[in-house]
Protein chains: 2
Amino acid sequence: MTVDRGTRPTRRAVPSTRTPGEQLATAVPGEVGDTARPVPAATVARLAVYLRVLTTLLGEGRGVVSSEELAAAAGVNSAKLRKDLSHIGSSGVRGVGYDVSRLTAEVEATLGLTRPHAVALVGVGNLGHALAGYGGFAQRGFPVAALFDVDPALVGTEIDGVEVEHAAEIPRVCAERGVTIGVVATPAAAAQEVCDHLVAAGVRSILNFAPTVLAVPAGVEVRKVDLAVEMQVLSFHVARRHGSVPAAGHAPATPGTTATTPREAVTR
Amino acid sequence: MTVDRGTRPTRRAVPSTRTPGEQLATAVPGEVGDTARPVPAATVARLAVYLRVLTTLLGEGRGVVSSEELAAAAGVNSAKLRKDLSHIGSSGVRGVGYDVSRLTAEVEATLGLTRPHAVALVGVGNLGHALAGYGGFAQRGFPVAALFDVDPALVGTEIDGVEVEHAAEIPRVCAERGVTIGVVATPAAAAQEVCDHLVAAGVRSILNFAPTVLAVPAGVEVRKVDLAVEMQVLSFHVARRHGSVPAAGHAPATPGTTATTPREAVTR
DNA sequence: ACTTGTGAATTCGTTCACAGCA
DNA sequence: TGCTGTGAACGAATTCACAAGT
């Protein structure tokens, strides 16, 4: 059934079908006290993207940037970008654009990046080891303050100057070093237990690489990065392509299809 | 059933001038074909999660499972799960539940997992190396068919039985081995070029780990995994906690809050 | 003239609640 | 008595389009 309930909306533009989406994440709070919740959740994820672009621009000495340009570089549409920025109480200058350094500072402040966040990484296996060695963390304000594992062969070794300690030490070490973010890179079977320890140690934000849904008490934020899921979503699209469309010739520019089609990438 | 989608606008104009874009997209516009293909995008990502749970259940010999149980294990609410399954034309049995093995097969079919998808991984640095060694890929039907890098020190080496070849070989090798999915794990500066090569080689699905927005032609699907973004989103939540709300210990079960899943996790 | 900021329209996604069937 | 499947209410996110500054 379609439709037509009461009011008749006005329809004017062509029904453009574009599919946006993102797996979005968690909803931000709400919760009790009700401190008005600005910053719409989906916006938060994009702010991080804008920040990267801004940093690049800053490095290039750009003084101001328009929403159009910034949006293109971030791969989003400009109206969305402006709305996003409006949520953080931004202030660009009409007719001109945004001051790059000021906007950078505002975004950083919103994301809570004005001070570093100590990170504890649990599970120094294949992936965990790579993450520990990945400079990106420390570089962007997330110093790896502790590493844990249960494997006796790993405990005691050092990665990038940080010693691997036994997972049993999580509570003590995390408390001592003021860890605020935990990264779980253990096998699925161990993830929940590790998560429980982190939570007990006061960690309220967790990035989970283990292929499991973690159960956590309210107030703890979990973000999940699941490679298998990503691959399977791509698989879906590969399969989708064979689904229909008798491949009549091949249209190069099939509108409405999948793709990310910005005009130009940021870097390079 | 019978959703009659009344007015079918049929065909839209090409969004010529500006193409906004984003990642993830699905819901295929149906094009002109007949069978409108639903599967709402957001649903696709969750199907992969359900699949993992189903696989576990299958391994435990469970014959049937209710939407309530499956949903709990997957960390979603049961109504959502049922709606998701309805999109893939599922059929559970009222009063009973879903047949585990049948549902597993249906989900796999929908995700296009009935046959393996050859993967090419470009960038065998820190992260790339870990990904290459990560058994999860091959295990779940995504055999790593090729590895590439530009570093002479890496080219020629072997990881898990697969030789690292020079990135210049991407076109030839990908075509030869029927690669359908590309994984970009290079530094940001090289990502776009690598992406272009993959696309030229016919790869239409790309998983991007590089911190850059990739520009691709329509028809190519890009999914992005950005660690910095994940960390920064968590940072936002850490900061949020200090913003206000004296964090007095409060009600445990506040629905709609931050957390992922109260209740119980799948494993363990 | 140009670009931001934003109300309003629209689309997309989630949740409710119940009819329908084993 | 369950539990599924789904219309319909609801809510979140996106896009439009234009008024408001500069």
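Here is how names work: the chains are called A, B, and so on, in the same order as the sequence lines, proteins then strands, and each is numbered from 1.
- The side-chain heavy atoms of A:Gln232 and B:Leu113, taken from C-beta on, include a pair separated by under 4.5 Å.
- Under the ring-ring contact (aromatic ring centres under 6.0 Å, His included) criterion, A:Phe142 pairs with A:His117, not counting sequence neighbours.
- Whole-Å rounding puts the A:Arg82 CZ to C:dT3 C1' distance at 7 Å.
- To the nearest angstrom, P of D:dC10 lies 19 Å from NZ of B:Lys80.
- Listed pair A:Arg46 / D:dT14 meets the phosphate criterion, a side-chain N or O lying under 4.0 Å from OP1 or OP2.
- Listed nucleotides: C:dG13, C:dA17, C:dA22. Nearest to the side chain of B:Arg94: C:dA22.
- Checking each of B:Val213, B:Asn208, B:Val184, B:Val199 against B:Val222 for a side-chain contact (heavy atoms from CB on, under 4.5 Å) leaves exactly one that passes, namely B:Asn208.
- Neither OP1 nor OP2 of C:dA22 sits under 4.0 Å from any side-chain N or O of B:Tyr98.
- The CD atom of B:Glu68 sits 8 Å away from the P atom of D:dT4 (whole-angstrom rounding).
- At least one side-chain nitrogen or oxygen of A:Ser67 sits closer than 4.0 Å to the OP1 or OP2 atom of C:dT4.
- Look at CG on B:Leu81: it is 15 Å from C1' on C:dG13, rounded to the nearest Å.
- Considering only residues two or more places apart in sequence or on other chains, A:Phe137 meets the ring-ring contact (aromatic ring centres under 6.0 Å, His included) condition with A:Tyr134.
- The 5' end of DNA chain D is approached more closely, in terms of each residue's nearest nucleotide, by B:Gly97 than by the other of B:Gly97 and A:Asp84.
- A:Ser91 comes within 4.0 angstrom of the backbone, heavy atoms only, and of no base.
- Between D:dT6 and B:Lys83, no contact under 4.0 Å exists linking OP1 or OP2 to a side-chain N or O.
- Rounding to whole angstrom units, CG of residue A:Asn77 and P of D:dA13 are separated by 16 Å.
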